[in-house]
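Once you've had a glance at the structure underneath, I'll fire off some questions.
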Amino acid sequence: MLEQIASQTHEAVYRVDRPDLGVTFFVALHSTRLGPAFGGARMWRYETEGEALSDALRLSEGMTYKNAMAELDVGGGKSVLWLREPGKASRAAIFTAFGDILEALGGRYISAEDVGTSVADMQIVRERTRHIAGLPPAEGRAGGDPSPWTALGVFCAMQAVLDDAGQSWRGVKVAVQGLGAVGGRLCGLLAHAGADLTVSDVSGDRAMDIAERYGAVMVDPSQILQASVDILAPCALGGILDPRTIPDLKARYVVGAANNQLATPDDGDQLARNGVLYVPDYVANAGGIICAVEEFRGGDADRVEAKVRVIGPRVGQILRDAREQDTPPFRIAQQKVDAILKAPALVGA
Ligand code: NAI
């Protein structure tokens, strides 16, 4: 059932074609160096097979960094469910098939929900395998929608940036791009802290709702990256920081939830040259995976919260190291992850 695709960069990449469901599944295991590969399942309508596969490869590599940096004893993986013929099969049929794939992998990879998949989908998967997280929380246990934890982690990262600059929240202007599960909740935390919000979403209704609820200024999606603010919080799409957008940024700090915000590492260097402090996305947005891993290990919500709040001091340390070494924070974070991944394995740990 599992067709293995050769890879120079990943431990294993699998493809399962199911024309009967109108779906091709890709499972990319980037690294199991620190434990079983852990990362969500994204369902999306890609134009080509190459796009679907490269998303799985890129995202699973990102999970290795995110999980290592969050000090989780898991590796990095991701699955992509390429919806080739939407509506051909029910979600029940698609996620039953996905459950069988996870079972066949025997626990080398553990999945959870991501863009395009939900808690309800994961419940279907659970009927076929136990190698799954993102399920409704059992009594006293962590679990369910990870987005509130992702939002809290991003907020803690912003707090660290302000603490580092010796600034309070009073009068701090924040632009939030994307007001979905994470961005919407982040706005609530920011409004409560006293920030002035500028918000945008391609869904005008969603933007209007958040703007009314938190007294935010609403701008067109084409204007949000250039907003005159202190902090820009990308919470919609990846790849938004590139040579076309960077020259127009007015924010001094970029701290958000979206995965892979830098189009290329060169863009991170350019931000630093422009005096923009970019907190690496995978450091700030680890709250959701912390929740999923704790759920899988049987932890409770207090344990999740304690681990998510460590994102603040972790960002603070990266900023201090960046200053001391005169190196952009994203490069410091990369060095730290490389050191974690190269450290000798703890036998029997
Ligand atoms: P979501 O799908 O609930 O929300 C995304 C929002 O962005 C939607 O409201 C959408 O209309 C809006 N959007 C799309 N394109 C836009 C544009 N060009 N301008 C303005 N708004 C736009 O997704 P969610 O869960 O809130 O995640 C947001 C980002 O954070 C994604 O990139 C996701 O991969 C990442 N992330 C999410 C985690 C989670 O726990 N949900 C964990 C780690 C990363």
Side-chain angles (χ1 to χ4, degrees), residues 38-45 55-56 58-63 65-67 69-70 72 76 78-80 111-119 121-122 133-134 142-157 175-189 197-211 216 218-227 232-242 244-245 254-263 279-295 304 307-308 311:
F38 211 121
R42 174 166 297 196
M43 187 154 78
W44 201 249
R45 297 168 64 160
D55 225 14
R58 196 174 54 90
L59 291 164
S60 58
E61 184 175 359
M63 291 310 299
Y65 303 143
K66 190 186 304 197
N67 295 341
M69 184 51 102
L72 298 169
K78 199 93 182 182
S79 37
V80 160
S111 196
E113 68 265 45
D114 190 64
V115 175
T117 62
S118 67
V119 172
D121 299 326
M122 300 307 116
D145 178 8
S147 310
W149 297 113
T150 305
L152 177 64
V154 172
F155 178 80
C156 291
V176 182
Q177 179 192 41
L179 307 170
V182 178
R185 283 197 172 77
L186 178 63
C187 287
L189 295 171
L197 294 176
T198 300
V199 298
S200 186
D201 198 291
V202 286
S203 157
D205 288 350
R206 204 169 278 184
M208 194 101 73
D209 175 46
I210 294 284
M218 188 176 115
V219 299
D220 188 81
S222 64
Q223 304 295 312
I224 190 75
L225 296 179
Q226 307 94 293
L232 170 66
C235 296
L237 314 165
I240 53 142
L241 301 170
D242 66 19
R244 284 168 303 143
T245 58
V254 179
V255 190
N259 286 312
N260 301 323
Q261 291 166 36
L262 296 175
V279 173
D281 42 24
Y282 63 85
V283 182
N285 72 10
I289 196 70
I290 290 170
C291 170
V293 172
E294 277 303 321
E295 171 197 331
V304 176
K307 286 194 168 187
V308 172
I311 291 174

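Please read all numbers here as calculations on a predicted model, not as lab measurements. For ligands, and for the atoms within them, numbers begin at 1 and follow the listed sequence.
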Task: Gln177 side, atom CD; Thr198 side, atom OG1 - distance, nearest 0.5 Å - done: 13.0 Å
Task: Ligand-residue contact atoms, ligand 1 with Thr150, heavy atoms, under 4.0 Å - done: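 That gives atoms 38 (C), 39 (C), 40 (O), 42 (C), 43 (C) of ligand 1.
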TODO: Tell me which protein heavy atom sits closest to atom 17 (C) of ligand 1, plus the residue, atom name and distance to 0.1 Å.
DONE: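 Checked against all protein heavy atoms, atom 17 (C) of ligand 1 sits closest to Val202 CG1, 3.6 Å.
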Open item on the list: With heavy-atom distances below 4.0 Å as the criterion, list the atoms of ligand 1 near Arg206.
Closed with: 8 (C), 9 (O)
Open item on the list: Once you restrict to heavy atoms under 4.0 Å, what part of Ala258 touches ligand 1? Side chain, backbone, both or neither.
Closed with: both
Task: Val154, Asp201, Ile290: member with heavy atom nearest to atom 20 (C) of ligand 1 - done: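 Checking each option, the heavy atom nearest atom 20 (C) of ligand 1 is found in Asp201.
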Open item on the list: Regarding Asp201 and Ser203, do their side chains bring together a donor and an acceptor under 3.5 Å, going by distance alone?
Closed with: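 Looking only at side-chain atoms, Ser203 and Asp201 do not form any donor-acceptor pair under 3.5 Å.
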- [ ] Output yes when a side-chain donor or acceptor of Ser200 lies under 3.5 Å from a complementary backbone atom of Val219, and no otherwise.
- [x] yes
Open item on the list: Looking at Asn260 and Arg58, would you say the former's side chain and the latter's main chain have a donor-acceptor pair under 3.5 Å?
Closed with: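 Not confirmed, Asn260 side chain does not pair with Arg58 backbone.
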- [ ] Report yes if some N/O of Gly238 lies less than 3.5 Å from some N/O of ligand 1; otherwise report no.
- [x] no
Task: Subset of ligand 1 atoms that lie under 4.0 Å from at least one heavy atom of Lys66 - done: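 In order of numbering, the contacting atoms are 43 (C).
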- [ ] Look only at the side chain of Thr117 and the backbone of Ala41, and say whether a donor-acceptor pair between them is shorter than 3.5 Å.
- [x] yes
Open item on the list: For atom 4 (O) of ligand 1, which of the options Ser203, Pro148, Ala284, Gly180 provides the nearest non-hydrogen atom?
Closed with: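 Looking at heavy atoms only, Gly180 sits closest to atom 4 (O) of ligand 1.
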TODO: Verify the contact flag for atom 23 (O) of ligand 1, where contact means a protein heavy atom under 4.0 Å away.
DONE: no
Open item on the list: So for ligand 1, is Asn259 a polar contact partner (N or O within less than 3.5 Å, distance only)?
Closed with: yes
TODO: Go through ligand 1 atom by atom and flag the ones less than 4.0 Å from a non-hydrogen atom of Arg42.
DONE: 34 (O)
- [ ] Could you check atom 3 (O) of ligand 1 against the protein and tell me its nearest heavy-atom contact, residue, atom and distance included?
- [x] Ala181 N, 2.9 Å
- [ ] Could you verify whether a donor N or O on one side chain and an acceptor N or O on the other, from Asp121 and Ser118, lie under 3.5 Å apart?
- [x] yes
Open item on the list: Donor-acceptor pair, distance only, cut-off 3.5 Å: does the side chain of Gln261 make one with the backbone of Leu241?
Closed with: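 Such a contact is absent between Gln261 side chain and Leu241 backbone.
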TODO: Any chance you could measure Ile289, atom CD1, to Tyr282, atom OH, to the nearest 0.5 Å?
DONE: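 Interatomic distance, Ile289 CD1 to Tyr282 OH, rounded to 0.5 Å: 15.5 Å.
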Open item on the list: I want to know if ligand 1 touches Ser147 in the polar sense, i.e. an N/O pair below 3.5 angstrom.
Closed with: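 Between Ser147 and ligand 1, an N or O pair is found under 3.5 Å apart.
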TODO: Using heavy-atom distances, let me know which of Ile224, Asp114, Asp145, Val182 sits nearest atom 27 (O) of ligand 1.
DONE: Val182
TODO: Answer yes or no: is there a donor N or O on one side and an acceptor on the other, between the side chain of Asp242 and the main chain of Thr245, under 3.5 Å?
DONE: yes
- [ ] Tell me which protein heavy atom sits closest to atom 36 (N) of ligand 1, plus the residue, atom name and distance to 0.1 Å.
- [x] Ala257 O, 3.6 Å
Open item on the list: Leu237 versus ligand 1: do any nitrogen or oxygen atoms come within less than 3.5 Å of each other?
Closed with: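 No: no nitrogen or oxygen of Leu237 is under 3.5 Å from one in ligand 1.
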Open item on the list: Checking a contact table here: which protein heavy atom is nearest atom 32 (O) of ligand 1, and how many Å away?
Closed with: Ala236 O, 3.0 Å
Open item on the list: Are more than 12 heavy atoms, taken from residues, nucleotides or ligands other than Asp220, located less than 6.0 Å from that residue's CG atom?
Closed with: yes
Task: Test item: Leu152 and Cys156 side chains (from C-beta on) under 4.5 Å apart, heavy atoms - done: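 Result yes, sub-4.5 Å side-chain heavy-atom pair found.
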Open item on the list: Suppose we measure from atom 28 (C) of ligand 1 to each protein heavy atom; which comes out shortest, and what is that distance?
Closed with: Cys235 O, 3.2 Å
